[in-house]
Amino acid sequence: MNVTHVGGRLPLHASSSGLVLLAHAPAEFRERVISGPLLAFTSQTIVDGRRLRAELAEIRRRGFAFCQGHIRPEATGLAVEVRRNGEIVAALGLVVPNDGTAWALHRPLQLAGLALTRALSRAV
């Protein structure tokens, strides 16, 4: 069962991949996004600047974004960074049902992100 829409655009502050990219964006850009406006999709969407700053710091610390119900109550988004030669160039994410089992997927997703990072860093 698909628990979210496929494709489309979402604000950086609301999606797991967007949060990973925002967490590692230049400080000036990050502050411009944080200063809003920050659209709420659900009651779980982060729309408070202080809370968003704290979440971005947590994403940098733990190495992944975990977003239960940020876009749709029945969905959880997870995302990790993908680097090329040390620079973040993408985020790898997935959306799964918000049924309490999503947390266990963060480690396999991190390993996939690391594999992509290695492959991109070897590519010319």
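Everything numeric in this text was worked out from a predicted model, so none of it was measured.
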To the closest 0.5 Å, what do you measure between NE2 (His70) and OG1 (Thr45)? 6.5 Å
All N/O donor-acceptor pairs, side-chain side in residues 18-30, below 3.5 Å, sequence neighbours left out:
{"unit_1": "His24", "atom_1": "NE2", "unit_2": "Glu81", "atom_2": "OE1", "d": "3.0"}
{"unit_1": "Arg30", "atom_1": "NH1", "unit_2": "Ala23", "atom_2": "O", "d": "3.4"}
{"unit_1": "Arg30", "atom_1": "NH1", "unit_2": "Ala25", "atom_2": "O", "d": "2.7"}

Nearest 0.5 Å, please: how far is OG1 in Thr117 from CZ in Arg122? 10.5 Å
Pair Ile59, Phe66 - check side-chain contact (heavy atoms from CB on, under 4.5 Å), show working. CA-CA 8 Å; Ile59 290 166; Phe66 185 79; over 6 Å; no
Least distance between heavy atoms, Leu116 atom then Val82 atom: CB-CG1, 3.9 Å
Identify, with sequence neighbours excluded, every residue that meets side chain to side chain donor-acceptor pair (under 3.5 Å) alongside Arg53. Glu31
Which pairs would a plain distance check flag for residues 105-115, meaning a side-chain donor or acceptor within less than 3.5 Å of a matching protein atom at least two apart in sequence or in another chain?
{"unit_1": "His106", "atom_1": "ND1", "unit_2": "Trp103", "atom_2": "O", "d": "2.6"}
{"unit_1": "Gln110", "atom_1": "NE2", "unit_2": "Arg62", "atom_2": "O", "d": "3.4"}

Can you give me the closest heavy-atom contact between Val33 and Leu12, atom names plus distance? CG2-CD1, 4.2 Å
What I want to find out is whether Arg84 reaches Glu87 closely enough, with some N-O distance under 4.0 Å, to be called a salt bridge. no
Which heavy atom of Gly63 sits nearest a heavy atom of Val80, and at what distance? O-CG1, 4.0 Å
Are the side chains of Thr76 and Val95 in contact, using a 4.5 Å heavy-atom criterion? no
Any donor-acceptor pair under 3.5 Å from Asn98 side chain to Pro73 backbone: yes
Given 3.5 Å as the limit, does a donor-acceptor pair link the side chain of Ser121 with the main chain of Arg118, or not? no
Kindly determine whether Val89 and Leu120 satisfy side-chain contact (heavy atoms from CB on, under 4.5 Å), including the steps that lead there. CA-CA 10 Å; Val89 295; Leu120 283 173; 4.0 Å; yes
Has Ser16 got a side-chain atom pairing as donor or acceptor with Gly93's backbone, closer than 3.5 angstrom? no
Might you point out which heavy atoms bring Phe41 and Ile71 nearest each other, and give the distance in Å? CB-O, 3.6 Å
Specify the closest pair of heavy atoms between Ala102 and Val96, including all atoms of both residues, with the distance to one decimal. CB-CG2, 3.5 Å
Could you report the tightest heavy-atom contact between His13 and Leu39, atom names first, then the distance? NE2-O, 2.8 Å
